[in-house]
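First up is the structure itself, then whatever we jot down about it.
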Amino acid sequence: MSQAYWWLGRPGEYYWLESTERDDIGTDLRAPLLNGDSKDDWHYSLLKNAVEGDLVFHYDGNRSAITSVSRVAGRWDYREITWAAHGTSARDRGAVPTRVPGYFIPLEDHTILDKPVTLGELRLRRPLLEEIRARVPVGKGEPAYFPFELAGRPVRPLQGYGFKVPAELVHSFPSMDAAARNLLKVAEPDEIRAAVKQAVTSIEREAGPFEISKLQEKRARVFGLGRTARTIFNTDLKERDFAFHQGGRSELQFNVGHDRLANGLSAIRAGVAFSFQASRSFPKIDALLPKVARFNDWLCENADGLGDLEMWSWQKNGRSVNGRPAPIPESLFQEGNFVFLGMAQTLAKFDPIAALRVFDRLLPLYEAVEFAQFHDDTGQPSGASGARIEETLRIEKGREVTGGRWINASTKERTLDIYLRHAEIQRRLKDALTKEGFEKVVCEVPIGLRSVDVVALKDGALWMFEIKTGATVRSCLREALGQLLEYALWPGATKPARLVIVGTPSLKADAIAYIEELNKAFPVSVSYRQVSLD
């Protein structure tokens, strides 16, 4: 599927169309992952790009009209569905309802239009539809995902399930526009500030079981502070719509604040951020430069484990679109810019537990950025009182990884996207180890300032697995060995019974011989395991 989605970065383009003949319109969206030829098809999968708060109009094929609209209530997820295509080719081959791998998207606030927009009305307004279609900002050869066929014959819905509807089209039909305005909740500034304050308060209230609750204790110990702040954040926002952790102005800050989803709707962000904004108490941003370097170093080694989070920035020309976690380029290290890594939730549905989980996952990044220069190689603070950085494996802090995007990815994505490949290897490895009888298999387990890709227990023995996406066994071994040996042998570390490097290439004789030599020298058993993605 093309990644050149024309609506990205264009606030207000939050409209979609479901074209269906189902009798339970408005309960959810659901479609197969692949078409009848077992291939990815945007006519089925496009709606997976809808984000929470977007609006989906429903074209009822039984009535030949757009009859209602719903709001997207959450992210898409996998589910086996009963499906039969209704197009001409499907009828010709006698397609019948079948259970197939699919996806679903929850909906809410299903609303009937005051007046259906019928196919007859759409045909009468063909010139308008043609004008709107012509103004969709797509590049040469790129699809507009427009829902109506306009070429050569009377207007009719394009064959397929899901489509993108330009905002101009919605505003051109009064009943669609009225229903949309009723469902779109535009928050006022006072409402936004109150929501952020409530979010910060709820985070503080629920923080106890989470590692982030110890942030201020750690800062006081490592930095040698005279006293420890009693809360993570300053809950007195002073008319601001954001908050960062106490003492975080000149640090990589834990940040909670008003933001916008990709569709432009109000949201609350939770994650870490660099503010390159000078102030009276922080006159130069130069002090942040070595911290950005450490941030980049850590992400180069650990970004694979953050593939479900997103990263974006604010510059003078506005907010960027969301992207994958990645090192901060030199061009962003400029006065007045702001760089954020984390997640965003809709204003009305903020979940403090989800935010706290993100903070805990990003705490090792914060420690690598802020604490590294205060410790010598033993982990003991230099010139400050405090305990050594923990090197103990925390298996209870691991997380679930689905690798779910793989099944719907294009061949190009599967080949070039290392995050996608890494997540799918992780998923397949976990499934295989579980089937092989390992008692416990956990992904992304924290150890010190890093995390182990997969940790498993077998007959009480601890195994550590490090996944690499290199093209050869040699490159996988080279990249993984240093990490695994540090996990296993650094003073204070939790020593495993076995270290396993995981990659997609198959073992050859020279690699086997090399691993045999390693095992003659190392006190911990080292092996290689292939997980094929074919």
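Looking only at distances, no side-chain donor or acceptor of Y5 sits under 3.5 Å from a matching main-chain atom of N49. A donor-acceptor distance shorter than 3.5 angstrom exists from the side chain of D360 to the backbone of E211, with no hydrogens or angles considered. Using modelled atom types, no side-chain atom of K458 and backbone atom of K440 make a donor-acceptor pair closer than 3.5 Å. The backbone N or O of V454 lies less than 3.5 Å from no partner atom in the side chain of Q426, so there is not a single donor-acceptor pair. In terms of modelled atom types and a separation under 3.5 Å, the side chain of N302 and the main chain of W298 share a donor-acceptor contact. R71 places a side-chain N or O within donor-acceptor distance of the main-chain N or O of L183, the cut-off being under 3.5 Å. The backbone N or O of Q246 sits nowhere less than 3.5 Å from a side-chain atom of N234 that would complete a donor-acceptor pair. Distance alone, capped at 3.5 Å, is enough to place a donor-acceptor pair between the N337 side chain and the L332 backbone. Checked by atom type and distance alone, the side chain of Q345 never pairs as donor or acceptor with a backbone atom of R269 at under 3.5 Å. No donor-acceptor pair closer than 3.5 Å links the side chain of E367 to the backbone N or O of P364.
The pair R529-E436 meets the salt-bridge criterion, with a side-chain N (NZ, NE, NH1 or NH2) lying under 4.0 Å from an Asp/Glu carboxylate O. One finds a salt bridge joining D431 and R427 here, because a Lys/Arg side-chain nitrogen approaches an Asp/Glu carboxylate oxygen to under 4.0 Å. Salt bridge status for E370 with R294: absent, with no side-chain N to carboxylate O gap under 4.0 Å. By the 4.0 Å N-to-carboxylate-O rule, R361 lies close enough to D308 to be salt-bridged with it. Between E517 and K520, at least one side-chain nitrogen of the basic residue sits less than 4.0 Å from a carboxylate oxygen of the acidic one, meeting the salt-bridge criterion. Using a cut-off of 4.0 Å between Lys/Arg side-chain N and Asp/Glu carboxylate O, R230 and E217 are scored as not salt-bridged.
Annotation: cation-pi geometry not satisfied between R219 and F223 (NZ/CZ under 6.0 angstrom from ring centroid, within 45° of ring axis).
Listed by chain and number, the residues in a side chain to side chain donor-acceptor pair (under 3.5 Å) with D241 amount to none (sequence neighbours excluded). In this structure, the ring pair (Phe, Tyr, Trp, His ring centres under 6.0 Å) partners of F274, at least two apart in sequence or on a different chain, are F276, F295. Residues passing the salt bridge (Lys or Arg N to Asp or Glu O under 4.0 Å) test with R428, sequence neighbours excluded: E424. For the ring pair (Phe, Tyr, Trp, His ring centres under 6.0 Å) test, residues two or more places apart in sequence or in another chain that qualify with F338 are W314.
Interatomic distance, N322 CG to L261 CG, rounded to the nearest 0.5 Å: 8.5 Å. The line from CG of L477 to OG1 of T472 is 8.0 Å long, rounded to the nearest 0.5 Å. Remark: K214 NZ to I232 CD1 distance equals 12.0 Å, nearest 0.5 Å. T231 contributes atom OG1, which lies 10.5 Å from atom CG of L215 (distance to the nearest 0.5 angstrom). Atom CG of residue N519 and atom CZ of residue R498 lie 8.0 Å apart, to the nearest 0.5 angstrom.
In plain terms, the two heavy atoms of S213 and G208 that are nearest each other are OG-O, 3.4 Å. Pairing each heavy atom of L433 with each of A456, the nearest pair is CD1-CB, 4.2 Å. Taking both residues in full, the closest heavy atoms of I515 and S527 are given as CG2-CA, 4.3 Å, listed atom of the first, atom of the second, then distance. Minimum interatomic distance between G271 and L362 (heavy atoms only, all atoms of both residues): CA-CD1, 3.9 Å. When all heavy atoms of T504 and I425 are compared, the closest pair comes out as CG2-CD1, 3.7 Å. In plain terms, the two heavy atoms of E206 and P352 that are nearest each other are CG-CG, 4.1 Å.
In summary, the side chains of W312 and D259 do present a donor paired with an acceptor at a separation below 3.5 Å, with no hydrogens or angles considered. Counted by atom type alone, N255 and Q253 present one or more donor-acceptor pairs between their side chains at under 3.5 Å. Side chain to side chain, T228 and Q216 fail the donor-acceptor criterion of an N or O pair below 3.5 Å. Side-chain contact annotation: R319 with S313, donor-acceptor N/O pair under 3.5 Å absent. E251 and H245 share a side-chain donor-acceptor pair at under 3.5 Å.
Taking the centre of each ring, F254 and Y366 come in below the 6.0 Å mark.
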Evaluate D453 against L429 for side chain to side chain contact (heavy atoms under 4.5 Å, CB included), listing each step before the verdict. CA-CA 10 Å; D453 287 332; L429 175 63; over 6 Å; no
I'd like to know whether E52 forms a side-chain hydrogen bond (donor to acceptor under 3.5 Å, both in side chains) with T346, so could you lay out the CA-CA distance, the side-chain angles of the two residues, the decisive distance to 0.1 Å, and finally the verdict. CA-CA 7 Å; E52 190 170 352; T346 55; 3.3 Å; yes
Check the pair H258, I268 against side chain to side chain contact (heavy atoms under 4.5 Å, CB included), reporting the backbone distance first and the verdict last. CA-CA 5 Å; H258 175 243; I268 294 178; 5.9 Å; no
Do K468 and S475 pass the side chain to side chain contact (heavy atoms under 4.5 Å, CB included) test, and can you show the C-alpha distance, the side-chain angles, and the key distance before you say yes or no? CA-CA 8 Å; K468 294 300 173 186; S475 66; over 6 Å; no
Start with the C-alpha distance between L289 and F333, add both sets of side-chain angles, then the distance that settles side chain to side chain contact (heavy atoms under 4.5 Å, CB included), and finish with yes or no. CA-CA 8 Å; L289 186 58; F333 189 77; 3.8 Å; yes
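Among L309, V358, V369, L365, the one residue that satisfies the side-chain contact (heavy atoms from CB on, under 4.5 Å) test with V272 is L365. The one candidate from L55, L46, I105, V72 that meets the side-chain contact (heavy atoms from CB on, under 4.5 Å) condition with W16 is L46.
Counting only heavy atoms from C-beta outward, the side chains of V524 and K495 approach each other to under 4.5 Å. Counting heavy atoms from C-beta on, the side chains of Y14 and V51 never come closer than 4.5 Å. The shortest side-chain heavy-atom distance between K48 and L33 falls under the 4.5 Å cut-off. Counting only heavy atoms from C-beta outward, the side chains of D28 and P106 never approach each other to under 4.5 Å. Residues V452 and V442 form no side-chain contact, since every pair of their non-hydrogen atoms from C-beta on lies 4.5 Å or further apart. The side-chain heavy atoms of F233 and V256, taken from C-beta on, include a pair separated by under 4.5 Å. E466 places none of its side-chain heavy atoms less than 4.5 Å from the side chain of L499. Side-chain contact between F242 and V196: absent, with no pair of heavy atoms (C-beta onward) separated by less than 4.5 Å.
Annotation: ring pair (Phe, Tyr, Trp, His ring centres under 6.0 Å) contacts involving residues 505-528, sequence neighbours excluded, are absent. Under the side chain to side chain donor-acceptor pair (under 3.5 Å) criterion, the residue pairs touching residues 193-203 are D190-R193, R193-E239, with sequence neighbours excluded.
The neighbour count for R474 CZ, taken as heavy atoms of other residues, nucleotides or ligands under 6.0 Å away, does not exceed 12.
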